[in-house]
Amino acid sequence: GTRIIYDRKFLLDRRNSPIAQ
Amino acid sequence: TKKKMVVPGAGEHPLQYNYTFWYSRRTPGRPASTQSYEQNIKQIGSFASVEQFWRFYSHMIRPGDLTGHSDFHLFKEGIKPMWEDDANKMGGKWIIRLRKGLASRCWENLILAMLGEQFMVGEEICGAVVSVRFQEDIISIWNKTASDQGTTARIRDTLRRVLNLPPNTIMEYKTHTDSIKYSLGRLPWA
């Protein structure tokens with residue numbers, strides 16, 4: 001199947017998303 | 001007893017694999033036998049999504065702020081951060097020695113690349129380690145098949161790209177069978 005690929009910026013942007021708190 | 005695997009929460013971004021954070025600290029004066037190594041290594045927890053990763057990572061001490069002989073390990077769920085694990089026993093690791101002050105940034109860049117599947121080597125990656133030592137720190141990334149030169153070259157090239165290291169940084173590949181031989185050579189009866 002497809003691999004789930006995220007770049008550094010995408011991961012860093014999720015850091016402060018409300019869902020991660 | 002089989003532990004329940006973690007799953008991404010509603011609305012979260014799943015990762016390709018689940019991972020487990022581990023922490024170990026060497027007790028001064030004790031020999032580093034396999035048994036004491038396994039006793040010294042503690043699971044912090046597992047995660048399945050980007051958001052769950054940040055919930056762990058945001059509360060962890062940065063490697064550069066650790067003292068003594070300590071390691072953080074981040075391995076795929078189900079793989080122990082030990083040479084003896086079935087996933088590791090035919091494998092090896094790229095090792096990068098870092099002067100003091102670089103470990104926190106390099107560790108973050110390394111694990112973000114691993115979680116985001118930047119290495120493009122199929123199922124080959126097992127995990128990553130940051131080792132805090134007295135005069136220098138060491139980061140490493142472990143893969144399954146030490147003899148697969150295409151894979152190890154690809155991991156090396158990705159490391160160079162994602163870590164953005166000084167051009168004179170030395171990278172060394174070590175097979176786990178060599179690591180075992182080397183550590184046995186230091187025991188008095190070997």
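By convention in this document, chain letters (A, B, ...) are assigned in the order of the sequence lines, proteins followed by strands, and residues within each chain are numbered from 1.
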(message) Between B/E117 and A/Y6, is there a side-chain heavy-atom distance shorter than 4.5 Å?
(response) no

(message) Between B/Y173 and B/V121, is there shared hydrophobic-cluster membership here, with clusters defined by ILVMFWY side-chain heavy atoms closer than 4.5 Å?
(response) yes

(request) Please step through side chain to side chain contact (heavy atoms under 4.5 Å, CB included) for the pair A/R8 and B/N109, ending with a clear verdict. (result) CA-CA 8 Å; A/R8 183 173 174 274; B/N109 287 339; 2.8 Å; yes

(request) Check whether B/W54 and B/V7 end up in the same hydrophobic cluster, where Ile, Leu, Val, Met, Phe, Trp and Tyr are linked by side-chain heavy atoms less than 4.5 Å apart. (result) no

(request) State the CZ-CG distance between A/R15 and B/L112, to the nearest 0.5 angstrom. (result) 8.5 Å

(message) Can you confirm whether more than 12 heavy atoms, excluding those of B/K80, are under 6.0 Å from its NZ atom?
(response) no

(request) Find out if a path of hydrophobic residues (ILVMFWY) with successive side-chain heavy-atom gaps under 4.5 Å connects B/I138 to B/V129. (result) no

(request) Step through the shown structure and confirm whether more than 12 heavy atoms of other residues, nucleotides or ligands are within 6.0 Å of CZ on B/R161. (result) yes

(request) Look up atom CZ in A/R14 and atom CD in B/E51, then write down how far apart they are to the nearest 0.5 Å. (result) 7.0 Å

(request) Measure the spacing between OH of B/Y17 and CD1 of A/I4 and express it to the nearest 0.5 Å. (result) 10.0 Å

(message) Counting only non-hydrogen atoms closer than 4.5 Å, does B/F53 touch chain A with its backbone (N, CA, C, O), its side chain (CB onward), both, or neither?
(response) neither

(request) Work out which heavy atom in B/E108 is nearest to a heavy atom in A/L12; give both atom names and the distance. (result) OE2-CD2, 3.8 Å

(request) Work out which heavy atom in B/M120 is nearest to a heavy atom in A/I5; give both atom names and the distance. (result) CE-CD1, 3.5 Å

(request) Answer yes if B/M90 and B/W142 sit in the same cluster of Ile, Leu, Val, Met, Phe, Trp and Tyr residues linked by side chain heavy atoms under 4.5 Å apart, and no otherwise. (result) no

